[in-house]
Protein chains: 2
Amino acid sequence: MQTPSQISSVNHPKFQIEVDVVVFTLRENRLQVLLCCLQMNDSWRLPGLPLQADSTLEETAAHCITQYTGLHEAYLEQLYTYYDSCEQIASVVYFALVPADSLLNAKDESASKWFPVDDLPALAPNHKEILTYALRRLRYKLEYSAVGFELLPDDFTLSELQFTYELILGEKLDKRNFRRRILQAGVIESTPHRRTGEGRPAQLYRYRPDAVAEVKARRLFP
Amino acid sequence: MQTPSQISSVNHPKFQIEVDVVVFTLRENRLQVLLCCLQMNDSWRLPGLPLQADSTLEETAAHCITQYTGLHEAYLEQLYTYYDSCEQIASVVYFALVPADSLLNAKDESASKWFPVDDLPALAPNHKEILTYALRRLRYKLEYSAVGFELLPDDFTLSELQFTYELILGEKLDKRNFRRRILQAGVIESTPHRRTGEGRPAQLYRYRPDAVAEVKARRLFP
DNA sequence: GCAAAAGTGTTACAGTTACACCCATGG
DNA sequence: CCATGGGTGTAACTGTAACACTTTTGC
């Protein structure tokens, strides 16, 4: 047991703090996650950076994403903080989503690689667990907020949006119900453009930046 | 911009890490939160302890609760991690619930005090914001999980349970709908006892420890 | 016997799901 | 003209919300 005197005592050990990021994207019709190769062995880990004294946690996470993907903007959210008492390192894990079409100019492509979430390599201890948790949070979040758009380019068709949802949730959705509901929700608006290709051209939509991104919760329990 | 070389460089500053806890309970028919007096001035803060190298984050939070409330068990959940680049202290905040009847033997009563969440004193910077977030999370969590029982003694009547929900959510609930749903959910079971007092005696119920504590999410969006 | 709190069902309404065909374009 | 993906409405069903009176006890 500790005693109250510890609160203001000088017993204040110091720790390294690392900011790790679980970056998700859509590539090759699969949900993929960014991993770094761990110093020459065949084990992989989440990309991360040590916290610097004058940065914020979120800035550090953003720097990390920029470094590995070349992107300067991403949806970012704090996930969880772990502390490893063996290594005496705390790890603040963020969760990030980057759009499907934006993976062009990573500054250090050799150091990192995308992996489908259902086909992961051997991971550093804890990182498998962290990733599983991040994936659960993504699926869960998709069900009550408009976070799915963060994985799409600015303009998209309703079919692309539905496909994104199906990919993440891992189940087929009904086309008519999906369209009716997403339009009723009022979070997207049509653009003047269409996408041509095979078959009938599709109306392009964009996410309304002024949209309320979360549905108001209905009571689920009890 | 940082460079990839920082990942494996020796540029690893160290930080103090503090574990703070937002402890909620029911007292005097109000939702209350535990606060500590900040060194002789009239400002208050969340109770906290510095992380020790060989403890886990959760252990530290649990120690903190024991110290200020005398309780050895509480519902505990990580809330968020803040980093203050001025003071260079990271603060991992936990969220805790303790039952209404268990506030007996705090070891250091003079150092801390309960405040109703709608009648708070002046707080240390950030702590007001943290508390608001914790309260939001409590209300939100109540809607999809059985977390409300953590604020009640082992045995309780349905009216007490409903009153707890009403207190936290800040709205009246329909008695018949509440009872039907909580019983259908299968998370409580009746005990052989009754509570007597004014009016008709009430059946006592208890939370089923084997109950599934979260409802399976229904799709809310889109 | 009366005050006080416990306990109990039904009906109307709203939201959700399931489902199949026509449309516009490119080759 | 046909293959391909885009786009559209309705009916059954399921879950939710609203609502008032009877029961049991202590005083």
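In the text below, chain A, chain B and the rest are named by the order of the sequence lines, each starting its count at 1. Note that these values count all heavy atoms, side chains included, but never hydrogens, waters or copies made by symmetry.
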Worksheet item: Within the structure, does a side-chain N or O atom of B/Arg195 lie under 4.0 Å from either OP1 or OP2 of D/dT25?
Response: no
Practice prompt. Check the distance between D/dG6's C1' and A/Leu183's CG and give it to me in whole angstrom.
Written response: 13 Å
Discussion item. I'd like to compare against my own output: the B/S/- annotation of nucleotides 20-25 of chain C with a strict under-4.0 Å heavy-atom distance to protein.
Written reply: B--BBB
Discussion item. Please enumerate all residues that pass side-chain hydrogen bond (donor to acceptor under 3.5 Å, both in side chains) together with A/Thr164, with sequence neighbours excluded.
Written reply: none
Fill in: Euclidean distance, atom CG of residue B/Asp174 to atom C1' of D/dA20 [Å, nearest integer]
11 Å
Worksheet item: Please walk me through it: do B/Arg45 and B/Glu18 pass salt bridge (Lys or Arg N to Asp or Glu O under 4.0 Å)?
Response: CA-CA 13 Å; B/Arg45 53 158 291 148; B/Glu18 188 178 275; 3.3 Å; yes
Worksheet item: Rounded to the nearest Å, what distance is computed from the CD atom of residue B/Gln184 to the P atom of nucleotide C/dG9?
Response: 13 Å
Discussion item. Roughly what angle, to 10°, lies between the helix axis at the start of the helix from C/dG1-D/dC27 to C/dG27-D/dC1 and the one at its end, five pairs per end?
Written reply: 0°
Worksheet item: Under 3.5 Å, side chain of B/Glu150 to main-chain N/O of B/Leu97, donor-acceptor pair present?
Response: no
Worksheet item: Looking at the rings of B/Phe149 and B/Phe156, which for Trp means the six-membered one, are their centres under 6.0 Å apart?
Response: yes
Discussion item. Walk me through whether B/Asp155 and B/Arg195 qualify under salt bridge (Lys or Arg N to Asp or Glu O under 4.0 Å).
Written reply: CA-CA 10 Å; B/Asp155 291 15; B/Arg195 171 157 305 161; over 6 Å; no
Fill in: Whichever of A/Ala202 and A/Arg180 has its nearest DNA chain D nucleotide further upstream toward 5'
A/Ala202
Worksheet item: NE2 of A/His127 to SG of A/Cys36: how many Å apart, nearest 0.5 Å?
Response: 9.5 Å
Item to complete: Report the distance from atom CZ of A/Arg179 to atom C1' of C/dT17, rounded to the nearest whole Å.
Response: 18 Å
Discussion item. Just the rounded figure in Å: distance from P of D/dG5 to CD of A/Gln203.
Written reply: 19 Å
Worksheet item: Taking only residues two or more places apart in sequence or in another chain, which ones pass salt bridge (charged side-chain N to carboxylate O under 4.0 Å, His left out) with B/Arg200?
Response: none
Worksheet item: Nearest-Å distance, CG (A/Leu173) to C1' (C/dT17)?
Response: 12 Å
Discussion item. Using a 3.5 Å distance criterion without hydrogens, assess whether the side chain of A/Gln78 forms a donor-acceptor pair with backbone atoms of B/Thr81.
Written reply: yes
Discussion item. Without decimals, in angstroms, what is the distance between B/Lys172 NZ and D/dA18 C1'?
Written reply: 16 Å
Worksheet item: Is there a side-chain contact between A/Arg30 and A/Asp118 (heavy atoms, below 4.5 Å)?
Response: yes
Worksheet item: Looking at residues at least two apart in the chain, or sitting in another chain, which of them share a ring pair (Phe, Tyr, Trp, His ring centres under 6.0 Å) with A/Tyr205?
Response: none
Item to complete: Rounded off to whole Å, could you give me the OH-to-C1' distance for the A/Tyr205 and D/dG6 pair?
Response: 10 Å
Discussion item. Measuring from atom CD of B/Gln203 to atom OG1 of B/Thr191, what distance do you get when rounded to the nearest 0.5 angstrom?
Written reply: 5.5 Å
Item to complete: Could you identify which residues of residues 150-162 of chain A place a heavy atom less than 4.0 Å from some atom of DNA chain D, listed by residue number, or say none?
Response: A/Ser159
